[in-house]
Amino acid sequence: MLQQTTVGAVIPYYERFVSRFPTVRALADSPLDAVLSAWAGLGYYARARNLHACARAVADSGGFPSDLAGLQALPGIGAYTAAAIGAIAFGLPAVPVDGNVERVVSRVFAIDQPMPAAKPAIRDAALRLGADPMARERPSDFAQALFDLGATVCTPGVPACGVCPWVGACAARALGIQASLPRKAPKKVRPVRYGVHFWLTDDAGCVLLRTRPYQGLLGGMTELPGTAWRATPWAVEDAMADAPMAAAWRAAGQVRHVFTHFELILDVLAAHVPRVEGAGFAARLDALDDAALPSVMRKCVRMAVAS
DNA sequence: AACGCGTGGAC
DNA sequence: TGTCCAAGCGT
């Protein structure tokens with residue numbers, strides 16, 4: 001859960017998740033849809049799909065691998081997570097290099113190549129630090145100390161060098177370039193895409209939903225039926241070709257949502273019919289809290305209900 | 001190697 | 001409002 005996600009965002013999800021799936025076996029025996037429901041709102045849903053596959057692999061093989069290569073071969077576990085598990089769970093002399101560690105190490109050693117080209121040099125330098133006898137004796141504490149140094153002292157922007165225990169050893173500080181490291185490539189422009197989604201309710205207290213393909217963006221998650229997301233806005237009459245039913249559609253409002261690599265502007269159209277029909281499935285309105293609706297779709301629901 | 005992949009908080 | 005970015009991974 002912590003891959004690219006803040007501790008504050010993760011904690012409530014973590015508590016609910018381990019309560020609902022208390023063991024690897026429980027997670028492995030649960031349907032993927034239940035896992036995606038528990039993950040809904042946290043983002044990067046491939047993590048949930050990978051974690052589920054990982055639990056099944058671990059359960060099938062009778063336990064966790066006990067070495068880094070075995071860990072990294074599991075779905076969703078890369079070099080960082082394998083090292084973190086190795087150091088923290090198994091006490092192996094591994095150095096997990098996350099964004100915090102990259103920042104600390106690039107500064108201490110004044111590695112001023114731009115990211116991501118600097119990654120190999122940073123990793124090598126981190127491994128040198130990890131070769132210190134004290135680090136090798138306490139791999140978990142060493143990893144946690146690097147995380148916390150990066151999170152609270154050696155921060156992005158202007159770091160708190162005045163209270164840093166490594167200020168005397170920091171090459172970037174000596175050069176006065178600490179605030180500019182690690183160097184990053186310029187950002188790319190974020191394109192805008194447009195779509196139309198349909199909120200269709202009926203007399204039985206249901207709404208029509210559908211499941212997205214299990215690969216790609218929001219893979220396996222639930223959504224309101226809608227058009228494709230494209231670079232040009234939709235004329236209402238064109239979007240109607242994708243409406244689930246002929247009905248008295250009304251404009252419920254507009255939703256804006258920013259993804260990592262594009263911005264999305266959605267028009268929400270709403271209608272009420274005696275009984276919903278169309279591709280997808282009817283879900284009870286009073287059960288939407290438990291649905292696998294990603295945040296962008298919850299915004300659409302909120303807009304439709306409020307209109 | 002570069003890109004696709006979510007979300008919400010901090011500033 | 002916009003911008004940055006967080007305990008990365010898979011392709």
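Here is the naming used below: chain letters follow the sequence lines, and residue numbers restart at 1 for every chain.
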Look at the side chain of [X] and decide which nucleotide, out of [options], has an atom nearest to it.
{"X": "A:Gln144", "options": "B:dG6, C:dG10, C:dA7", "value": "C:dA7"}
{"X": "A:Tyr45", "options": "B:dG6, C:dG2, C:dC9", "value": "B:dG6"}
{"X": "A:Thr6", "options": "B:dG6, C:dA7, C:dA6", "value": "C:dA6"}
{"X": "A:His257", "options": "B:dT7, B:dG6, C:dA6", "value": "B:dT7"}

(request) Search all heavy atoms of A:Gly86 against all heavy atoms of A:Leu68 and return the closest pair with its distance. (result) CA-CD2, 4.1 Å
(request) Give a yes/no verdict on a cation-pi contact between A:Arg128 and A:Phe109, requiring under 6.0 Å between NZ or CZ and the six-membered ring centre and an angle within 45° of the axis. (result) yes
Separation of the [atom1] atoms in [N] and [M], to the nearest angstrom:
{"N": "B:dA1", "M": "C:dG8", "atom1": "C1'", "answer": "16 Å"}
{"N": "B:dC5", "M": "C:dA7", "atom1": "P", "answer": "23 Å"}
{"N": "C:dC9", "M": "B:dG8", "atom1": "P", "answer": "22 Å"}

Is the phosphate of [N], meaning OP1 or OP2, less than 4.0 Å from a side-chain N or O of [X]?
{"X": "A:Lys184", "N": "C:dC4", "answer": "no"}
{"X": "A:Gln4", "N": "C:dG8", "answer": "yes"}
{"X": "A:Ser295", "N": "B:dG8", "answer": "yes"}
{"X": "A:Lys299", "N": "B:dT7", "answer": "no"}
{"X": "A:Arg256", "N": "C:dG2", "answer": "yes"}
{"X": "A:Arg103", "N": "C:dA6", "answer": "yes"}
{"X": "A:Thr260", "N": "B:dT7", "answer": "no"}

I need the [atom1]-[atom2] distance between [X] and [N], as an integer number of Å.
{"X": "A:Tyr44", "N": "C:dG8", "atom1": "OH", "atom2": "P", "value": "10 Å"}
{"X": "A:Phe259", "N": "B:dG4", "atom1": "CZ", "atom2": "P", "value": "14 Å"}
{"X": "A:Glu263", "N": "C:dC4", "atom1": "CD", "atom2": "P", "value": "15 Å"}
{"X": "A:Arg193", "N": "B:dC5", "atom1": "CZ", "atom2": "C1'", "value": "12 Å"}
{"X": "A:Asn100", "N": "C:dG8", "atom1": "CG", "atom2": "C1'", "value": "13 Å"}
{"X": "A:His261", "N": "B:dT7", "atom1": "NE2", "atom2": "C1'", "value": "13 Å"}
{"X": "A:Leu71", "N": "C:dG8", "atom1": "CG", "atom2": "P", "value": "17 Å"}
{"X": "A:Arg212", "N": "B:dC5", "atom1": "CZ", "atom2": "P", "value": "9 Å"}

(message) Here's a test of your reading of the structure: between A:Arg49 and A:Ala117, which maps to the more 5' nucleotide of DNA chain B?
(response) A:Ala117
(message) Please determine whether a side-chain nitrogen of the Lys or Arg among A:Glu263 and A:Arg190 lies less than 4.0 Å from a carboxylate oxygen of the Asp or Glu.
(response)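 Result for this pair is no, no salt bridge flagged.
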(message) Given the structure, check if the side chain of A:Thr5 and the base of B:dG6 hold any donor-acceptor pair shorter than 3.5 Å.
(response) yes
(message) Would the distance check show the side chain of A:Thr5 and the main-chain N or O of A:Gln3 forming a donor-acceptor pair, the cut-off being under 3.5 Å?
(response) yes
(request) Output yes when a side-chain donor or acceptor of A:Asp202 lies under 3.5 Å from a complementary backbone atom of A:Gly205, and no otherwise. (result)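 Side chain of A:Asp202 to backbone of A:Gly205, a donor-acceptor pair under 3.5 Å: yes, one is there.
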(message) When you group the ILVMFWY residues by side-chain heavy-atom contacts below 4.5 Å and let the links chain together, are A:Leu200 and A:Trp234 in the same group?
(response) yes
